[in-house]
**Q** 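Right, I'll just put the structure down here and ask away after.
Any value given below was found using the heavy atoms of this structure, including those in side chains, with hydrogens, waters and symmetry copies removed.
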Amino acid sequence: MAEAAAGGKSGKVVIRNIGLLLSGDIDKPILDADTIVVNDGLIVAVGKEKDCDTEGAKTVIDAKKTCVAPGLIDSHVHPVAGDWTPRQSQLNWIESSMNGGVTTMISAGEVHYPGRPKDIVGLKALAITAQRAFDAFRPGGVKVLAGAPVIEKGMVESDFKELAEAGVGLLGEVGLGTVKAGYEAKEMVAWARKYGMQSTIHTGGPSVPGSGYIDKDTVLEADADIIGHINGGHTSLPMKHVCELCEKSTRGIEIVHNGNERVAIGAARAAIELKCPHRVILGTDGPAGSGVQPLGILRMVSLISSMAEIPAEIVFCFATGNTARMRKLNCGLIEVGRDADFVFMDKAQHTSGATLLESVQLGDIPGVGMVMIDGIVRCGRSRNTPPATEVAVVVSSGAAH
């Protein structure tokens, strides 16, 4: 699968008979359409089948009236090397997450790398290596945006310029290294932003030995692009401080699986009350001490939808279009010109919900029936989710070239 990701193009793909099309766009989360046409990995048409050019397709997929949504985006992962994590001595965690509907992952730092270098030359070398390696190797076809240096004392503006010119576009979680004071972080975050690098700040109690407690005032002063795991990773700030961050900052509100679930629900509700749901994005914060969560993003969608009482189609946007727009990615939204990264879902067998959205609203996770990345089918019925009631099928493949 990883080799396929780097190789051939999808050609023309037609996905027809879609029962529910989730857009990823929080302003219009459900589309009145039943067909998607893809060419060489990009969406070229979305609409009713009669209005789309479906002739000459290399691959035709019958969605069997199930749901198609943008591939899920995990905004907060800690990759190391390939599809292996030393934190839990586990292989194939990325490919396993693809079976949970995740098609894109964003590194918050390669912090579990054994013997992670903390000198400035070493940390830059590791970041560039990780960026290059995951750009060339895609487990299960998943796009892993890696190479996120953990900033340390002593870094100067030219270090950020050098990293950016080398292709590094992210900072690891601010606060996991020696830079923990708000004024220091603010300066380095500003340097990163100047050169087009996006930043995330650790929020709450320390996650591993050597990381620090980052309070609300530090988060506000640093002004990173993303308030990383606002619900703690693992230990949260007090709920009133979380609400203050939602209110006083304009930055991304990231809610993660490996955090405080009560605060996750509170933060989502706060964003709705403050009328800024477009700022909410979802991550797992794995691999970590809590383990690896192949279904972590789906679990967060069902948790927030059911417990915070937010419509499921809106919460799916937290895991797709919101992240894509905030992270400036070409995936996460179903519209012409975007990457053809999709997850095909249906309600789980024997859920009490009458529809997929109702089942999620009741707290169940859906069944994944197929995952497509760049217009290429990466898996059929998921080995990790509960079985979907109905699954999409490939009705023709390779007929036209």
**Q** Would you call K28-E335 a salt bridge at under 4.0 Å N-O?
**A**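 Salt bridge absent between K28 and E335.
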**Q** Rounded to the nearest 0.5 Å, what's the gap from CD1 on I314 to CG on L22? Could you check?
**A**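 Reported to 0.5 Å precision, the distance equals 10.0 Å.
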**Q** Treating E110 as the side-chain partner and A127 as the backbone partner, does any N or O pair qualify as donor plus acceptor under 3.5 Å?
**A**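 No, because the side chain of E110 does not come within donor-acceptor range (under 3.5 Å) of the backbone of A127.
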**Q** Counting only N and O atoms by type, is there a donor-acceptor contact under 3.5 Å from the side chain of R279 to the main-chain atoms of C246?
**A**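 Yes, R279 side chain to C246 backbone: donor-acceptor pair under 3.5 Å.
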**Q** Does any part of the side chain of E261, heavy atoms only, come nearer than 4.5 Å to the side chain of M307, both counted from C-beta?
**A**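 A side-chain contact under 4.5 Å is absent here.
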**Q** If you draw a 6.0 Å radius around OH in Y113, do more than 12 non-hydrogen atoms from other residues or ligands fall strictly inside?
**A**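 Counting neighbours around OH of Y113, 12 or fewer heavy atoms of other residues, nucleotides or ligands fall under 6.0 Å, so no.
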**Q** Do you know the tightest heavy-atom contact between L171 and M197?
**A**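 In terms of heavy atoms, the two residues are closest at CD2-CE, 3.6 Å.
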**Q** Any chance you could measure N260, atom CG, to T235, atom OG1, to the nearest 0.5 Å?
**A**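 It comes to 8.5 Å.
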**Q** Between T385 and V368 (side chain of the first, backbone of the second, donor and acceptor by atom type, cut-off under 3.5 Å), is there such a pair?
**A**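 It does hold such a pair.
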**Q** Can you check whether N231 reaches V256 side chain to side chain, under 4.5 Å on heavy atoms?
**A**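 A side-chain contact exists here, since the closest heavy-atom pair is under 4.5 Å.
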**Q** Determine whether more than 12 heavy atoms belonging to other residues, nucleotides or ligands lie under 6.0 Å from atom CZ of R262.
**A**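 Open.
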**Q** Can you name the closest pair of heavy atoms from S10 and I376 and give their distance?
**A**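 Of all heavy-atom pairs spanning S10 and I376, the closest is CB-CG1, 4.0 Å.
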**Q** Report yes if some heavy atom in the side chain of I106 is under 4.5 Å from a heavy atom in the side chain of T200; otherwise report no.
**A**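 Of all side-chain heavy-atom pairs linking T200 with I106, none is under 4.5 Å.
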**Q** Say you draw a straight line from CG of L357 to CE of M345; how long is it, rounded to the nearest 0.5 Å?
**A**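 The CG atom of L357 sits 8.5 Å away from the CE atom of M345.
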**Q** By the definition side-chain contact (heavy atoms from CB on, under 4.5 Å), identify the one residue from M300, R299, H257 that meets it with Q293.
**A**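 Exactly one pass, corresponding to H257.
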**Q** Got a second to check how far I304's CD1 is from I265's CD1, nearest 0.5 Å?
**A**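 If we round to the nearest 0.5 Å, I304:CD1 and I265:CD1 are 8.0 Å apart.
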**Q** Evaluate the criterion side chain to side chain contact (heavy atoms under 4.5 Å, CB included) for residue pair V343 and T103; output intermediate values, then yes/no.
**A** CA-CA 8 Å; V343 55; T103 57; 5.9 Å; no
**Q** Looking at every heavy atom in both A392 and M370, which two are closest together, and how far apart are they?
**A**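 Closest approach of A392 to M370, heavy atoms only: O-CE, 3.6 Å.
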**Q** So H76 and H229, would you call those rings parallel, tilted or perpendicular, with 30° and 60° as cut-offs?
**A**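 If you compare the ring of H76 with that of H229, the planes turn out tilted.
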**Q** Got a second to check how far D74's CG is from I297's CD1, nearest 0.5 Å?
**A**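 Going from the CG atom of D74 to the CD1 atom of I297 covers 4.0 Å.
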**Q** So, the side chain of K275 versus the backbone of I272: is there a donor-acceptor pair under 3.5 Å, distance only?
**A**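 No, because the side chain of K275 does not come within donor-acceptor range (under 3.5 Å) of the backbone of I272.
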**Q** Restricting to pairs with a member in residues 272-321, which pass ring-ring contact (aromatic ring centres under 6.0 Å, His included), not counting sequence neighbours?
**A**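 Applying ring-ring contact (aromatic ring centres under 6.0 Å, His included) to every pair that reaches into residues 272-321, excluding sequence neighbours, yields nothing.
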**Q** Under 3.5 Å, side chain of D339 to main-chain N/O of L42, donor-acceptor pair present?
**A**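 Pair absent, no side-chain N/O of D339 close to backbone of L42.
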**Q** For D346, is there an ion pair with K65 - N to carboxylate O distance below 4.0 angstrom?
**A**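 No.
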**Q** Identify the two heavy atoms, one from I253 and one from C276, that lie closest to each other, and give their separation to 0.1 Å.
**A**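 I253 and C276 have their closest heavy atoms at CD1-SG, 4.4 Å.
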**Q** Is any NZ, NE, NH1 or NH2 atom of the basic residue among K153 and E184 found under 4.0 Å from an Asp or Glu carboxylate oxygen of the other?
**A**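 Salt bridge present between K153 and E184.
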**Q** Out of the candidates R327, R193, Q198, only one should pair with D225 under the side-chain hydrogen bond (donor to acceptor under 3.5 Å, both in side chains) rule; please name it.
**A**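 Only match with D225 under side-chain hydrogen bond (donor to acceptor under 3.5 Å, both in side chains): R193.
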**Q** Looking at side-chain heavy atoms only, is the closest gap between L145 and L329 below 4.5 Å?
**A**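 In short, these two side chains touch, coming nearer than 4.5 Å.
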**Q** Just so I know, are the side chains of V371 and F344 near enough to count as touching, which here means a heavy-atom distance under 4.5 Å?
**A**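 No. Closest side-chain heavy atoms not under 4.5 Å.
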**Q** Quick one: are P149 and V168 in side-chain contact, heavy atoms under 4.5 Å?
**A**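 The answer is yes, as the side chains (C-beta and beyond) meet within the 4.5 Å cut-off.
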**Q** Please report the C-alpha distance between I36 and L21 in whole Å, then the side-chain angles of each, then the deciding distance to 0.1 Å, and finally whether the side chain to side chain contact (heavy atoms under 4.5 Å, CB included) criterion is met.
**A** CA-CA 10 Å; I36 301 172; L21 188 53; 3.8 Å; yes
**Q** Name the one of V395, I61, D34, D62 that satisfies side-chain contact (heavy atoms from CB on, under 4.5 Å) with R16?
**A**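 It is D62, the one option of V395, I61, D34, D62 that forms the side-chain contact (heavy atoms from CB on, under 4.5 Å) with R16.
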**Q** Side-chain contact, heavy-atom cut-off 4.5 Å: I230 with E254?
**A**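 No, side chains not in contact.
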**Q** May I ask you to decide whether E152 forms a salt bridge with K118, counting only side-chain N to carboxylate O separations under 4.0 Å?
**A**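 No, no charged N to carboxylate O under 4.0 Å.
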**Q** Please say whether more than 12 non-hydrogen atoms of neighbouring residues, nucleotides or ligands are located less than 6.0 Å from NZ in K50.
**A**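 Not buried by this count: 12 neighbours or fewer within 6.0 Å.
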**Q** Specify the closest pair of heavy atoms between T320 and G71, including all atoms of both residues, with the distance to one decimal.
**A**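 Minimum heavy-atom contact is CG2-O, 3.7 Å.
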**Q** Mark yes or no for whether E49, through its side chain, and I15, through its backbone, hold a donor-acceptor pair below 3.5 Å.
**A**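 Side chain of E49 to backbone of I15, a donor-acceptor pair under 3.5 Å: no, none is there.
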**Q** Are any of the side-chain heavy atoms of I94 and M105 separated by less than 4.5 Å?
**A**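 Heavy-atom side-chain distance check passes, below 4.5 Å.
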**Q** Angle between ring planes, H112 versus H78, binned at 30° and 60°: parallel, tilted or perpendicular?
**A**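 Rings of H112 and H78: perpendicular, as their planes differ by over 60°.
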**Q** Quick one: closest heavy-atom pair of S107 and L170, and the distance?
**A**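 Minimum heavy-atom contact is O-CD1, 3.7 Å.
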**Q** Any salt bridge between K240 and E244, counting N to O under 4.0 Å?
**A**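 Looking at E244 together with K240, the answer is no, because their closest N to O distance does not fall below 4.0 Å.
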**Q** Is the side chain of D119 donor-acceptor paired with the backbone N or O of G122 at a distance under 3.5 Å, no angle test?
**A**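 Yes; judged by distance alone, with no hydrogens or angles, the pair exists.
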**Q** For the side chain of K347 and the backbone of A354, is there at least one donor-acceptor N/O pair under 3.5 Å apart?
**A**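 Yes, the answer is positive, given that a donor and an acceptor are paired below the 3.5 Å cut-off.
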**Q** Ignoring hydrogens and geometry, is there a side-chain-to-backbone donor-acceptor pair from D341 to D374 under 3.5 Å?
**A**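 Side chain of D341 to backbone of D374, a donor-acceptor pair under 3.5 Å: yes, one is there.
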**Q** Are the side chain of T66 and the backbone N or O of A63 linked by a donor-acceptor pair below 3.5 Å?
**A**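 Checking the backbone N and O of A63 against the side chain of T66, a donor-acceptor pair under 3.5 Å is found.
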**Q** Closer than 4.0 angstrom, basic N to acidic O: yes or no for K64 and E390?
**A**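 Looking at E390 together with K64, the answer is no, because their closest N to O distance does not fall below 4.0 Å.
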**Q** Might you work through the salt bridge (charged side-chain N to carboxylate O under 4.0 Å, His left out) test for R251 and D223, ending with a clear yes or no?
**A** CA-CA 8 Å; R251 303 300 183 178; D223 193 33; 3.0 Å; yes
